[in-house]
Amino acid sequence: MLSIKFIREHTQRVRDAVSGKRSDVNIDEILALDERRRGILKEVEDLKALRNKNSAAIAILKRGGEDASGKIAEMREVSDRIRTLDLKLKEVDGQLNERLLYVPNIIHEGVPIGTDESDNRFVRDWGKKPEFSFPLKDHLKIGEDLQLFDLKRAVKISGAGFPLYTGQGARLERALINFMLDHHTEQQNYTELFPPFLSGKTATQTTGQLPKFEEDMYKIPSDDLYCISTAEIPVTNIHADEILEEGELPRKYTAYSACFRREAGSYGKETRGLLRVHQFNKVEMVKFVTPETSYEELELLTADAEAILQLLGLHYRVVELSTGDLSFSAAKCYDIEVWAPAMEKYLEVSSCSNFEAFQARRGNIRYRRKSDNTVQFLHTLNGSGVATPRLMIALLETFQEKDGTVTLPEPLQPYFKGDSLSL
RNA sequence: GGAGAGAUGGCCGAGUGGUCGAAGGCGCACGCCUGGAAAGUGUGUAUACCAAACCGGUAUCAAGGGUUCGAAUCCCUUUCUCUCCGCCA
């Protein structure tokens with residue numbers, strides 16, 4: 001979140017973010033509440049100063065054996081007034097903080113201005129769209145023919161949108177996850193974590209999923225827990241309320257997790273197959289870095305995610321999200337979109353974002369700066385590396401053969417313990 | 001689930017009603033010392049908010065509430081941690 005001070009001092013930048021991200025928070029209302037809060041604060045603090053002064057005086061009188069009843073009576077009234085003002089202050093403070101949680105992060109300079117994904121900026125691509133000399137099957141057909149997943153039976157368990165991988169499909173899913181984790185840890189120096197898949201309200205608020213996107217989260221009311229929508233939530237929170245030394249930064253973590261998303265409001269859209277599901281697997285990367293380096297680290301993070309697709313030989317492109325497509329918490333974000341030949345579409349498999357201090361402030365994640373030994377909020381970044389359902393779609397469609405088999409890219413073969421998918 | 005113990009600054013740890021934002025130590029920063037380092041030594045070292053030319057003010061000893069002129073300290077509630085017992089595996 002943004003500090004009220006920042007909003008007060010950089011009102012225009014905040015307004016730009018609000019309009020750019022098409023948020024409906026009322027900044028004027030927030031500023032008015034802040035004004036009111038400071039008025040009350042001044043009054044109550046002056047009274048408290050008076051009380052403190054007189055309490056000390058009373059102590060001295062009593063120590064000297066003198067009568068302090070006059071002053072005590074006087075202070076009793078002051079204390080009553082303080083009590084009243086404190087209550088009012090708390091109320092205003094609560095209203096203000098509640099609203100602050102809904103203020104989106106500022107937008108980094110240079111982010112393309114736009115209303116939605118059509119305004120995203122092409123950054124680069126890698127590889128080429130593969131060409132085929134035979135009619136293509138889409139991933140659903142391939143999956144059906146090779147019995148890689150069984151979405152019909154899955155419905156019996158949890159309803160639509162919860163994929164059931166079977167046989168070679170299940171093994172491929174596991175191979176992809178292991179391949180990605182190994183690459184991030186062995187080649188890119190990320191520390192591996194295996195986090196809890198349920199998170200509490202506070203942790204979920206840190207990363208920005210709450211309070212604004214509560215309707216997108218699965219929740220468990222009996223225990224006040226949420227099913228994580230991304231490993232970003234548990235991993236970012238591991239350093240909540242901590243102060244890291246500058247020398248330990250950047251810290252890089254990678255974690256596999258199942259991800260749960262209600263995808264409320266997206267019914268009918270892209271609901272076929274593995275394109276948009278309620279539960280999916282994802283390997284995530286999270287970085288804790290100094291503010292000076294966070295944009296450099298964003299480039300590195302994006303490259304780390306791209307490396308996965310390159311190793312698998314999948315054509316993809318990188319786009320920079322326009323203001324209208326940028327998420328609530330992000331200051332800047334690159335999407336990586338992999339090419340699905342049969343669908344003839346680029347599919348988002350990774351979002352790599354710099355959150356600057358937005359999440360750090362919510363989660364109170366700080367570091368001690370070397371230059372002046374002061375404590376500052378650090379910057380957090382994260383990116384998928386990558387989400388499996390669409391990765392599998394691209395993989396199946398890209399490497400399908402005329403005979404209906406799928407030849408796996410070489411780096412994946414030791415993980416799959418085989419070189420192709422066939423019946 | 002039952003019983004008990006605990007939660008104080010970056011860390012450890014003292015502090016049971018009145019200059020306690022908090023002793024002491026560690027760590028850290030800067031200086032001295034040294035050829036350089038270690039050791040030693042001196043000084044400094046919480047955070048947030050308000051107000052700011054400067055001085056300053058307020059709050060914070062897990063969280064919330066209460067008693068009091070005044071609470072780290074007394075009372076209540078909650079959360080978390082640890083130990084023992086039970087339960088499950």
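Every heavy atom of this structure was used, including side-chain atoms; hydrogens, water molecules and symmetry mates were not. All chains are named by letter (A, B, ...) in the order of the sequence lines, taking the proteins before the strands, and each is independently numbered beginning at 1.
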task = Report yes if at least one side-chain N or O of A:Arg63 is closer than 4.0 Å to OP1 or OP2 of B:U19; otherwise report no.
result =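 For B:U19, OP1/OP2 do not have a side-chain N/O of A:Arg63 under 4.0 Å.
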Please determine if a side-chain N or O atom of A:Arg38 lies less than 4.0 Å away from the OP1 or OP2 oxygen of B:A51.
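Affirmative; the distance criterion is met.
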query = Which base, if any, makes a Watson-Crick or G-U wobble pair with B:A3, both distances under 3.5 Å?
reply =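 Matched B:A3 with B:U83 under the 3.5 Å cut-off.
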Regarding A:Glu173 and A:Asn281, is there a side-chain donor-to-acceptor distance under 3.5 Å anywhere?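 Short answer, yes.
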request  = Using distance alone, with no hydrogens and no angle criterion, decide if A:Tyr295 and A:His379 have a side-chain donor and acceptor under 3.5 Å apart.
outcome  =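 Their side chains do not contain a donor-acceptor pair, so the 3.5 Å distance test is not met.
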- Message: Heavy-atom nearest nucleotide on RNA chain B for A:Val375 versus A:Arg368: which residue maps closer to 5'?
- Response: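 Residue closer to the 5' terminus by nearest nucleotide: A:Arg368.
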(message) Could you check whether A:Arg121 pairs with A:Asp325 (Lys NZ or Arg NE/NH1/NH2 to Asp/Glu carboxylate O, under 4.0 Å)?
(response)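 No.
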Check this for me: does any side-chain nitrogen of one of A:Lys42 and A:Asp46 sit under 4.0 Å from a carboxylate oxygen of the other?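 So A:Lys42 pairs with A:Asp46 through a salt bridge.
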Using a 6.0 Å distance limit plus a 45 degree cone around the ring axis, check whether A:Lys219 lies over the aromatic ring of A:Tyr226.
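No, A:Lys219 and A:Tyr226 do not form such a contact.
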Could you give the distance separating [M] and [N] at their [atom1] atoms, to the nearest angstrom?
N: B:G2; M: B:G86; atom1: C1'; result: 7 Å
N: B:A22; M: B:G9; atom1: P; result: 15 Å
N: B:U77; M: B:G21; atom1: C1'; result: 27 Å
N: B:C54; M: B:C61; atom1: P; result: 30 Å
N: B:A62; M: B:A5; atom1: C1'; result: 16 Å
N: B:U45; M: B:A23; atom1: P; result: 11 Å
N: B:U73; M: B:U16; atom1: P; result: 12 Å

Check: Are A:Leu181 and A:Thr254 close enough that some pair of their side-chain heavy atoms sits under 4.5 Å apart?
Finding: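 A:Leu181 vs A:Thr254: side chains touch.
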* To do: Return the residues of residues 75-91 of chain A meeting this criterion: a heavy atom under 4.0 Å from some atom of RNA chain B. Order them by number, or give none.
  =>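 When residues 75-91 of chain A is checked for heavy atoms under 4.0 Å from RNA chain B, the hits, listed by number, are A:Met75, A:Arg76, A:Ser79, A:Arg83, A:Lys90.
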Under a 4.0 Å heavy-atom cut-off, which of residues 53-61 of chain A touch RNA chain B?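 Those residues are A:Ser55, A:Ile58, A:Ala59.
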Quiz item: Of all the nucleotides listed (B:A59, B:G57, B:C49), which has the minimum atom distance to the side chain of A:Asn52?
Solution: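 Minimum distance to the A:Asn52 side chain belongs to B:A59.
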Nearest to the side chain of A:Ile72, heavy atoms from C-beta on, is which of B:U58, B:C50, B:C69?
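Comparing B:U58, B:C50, B:C69 against the side chain of A:Ile72, the answer is B:C69.
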Discussion item. Just to be sure I understand the rule, does A:Arg8 reach a base, reach only the sugar-phosphate, or reach nothing, if contact means heavy atoms closer than 4.0 Å?
Written reply: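 Sugar-phosphate, backbone atoms only, no base.
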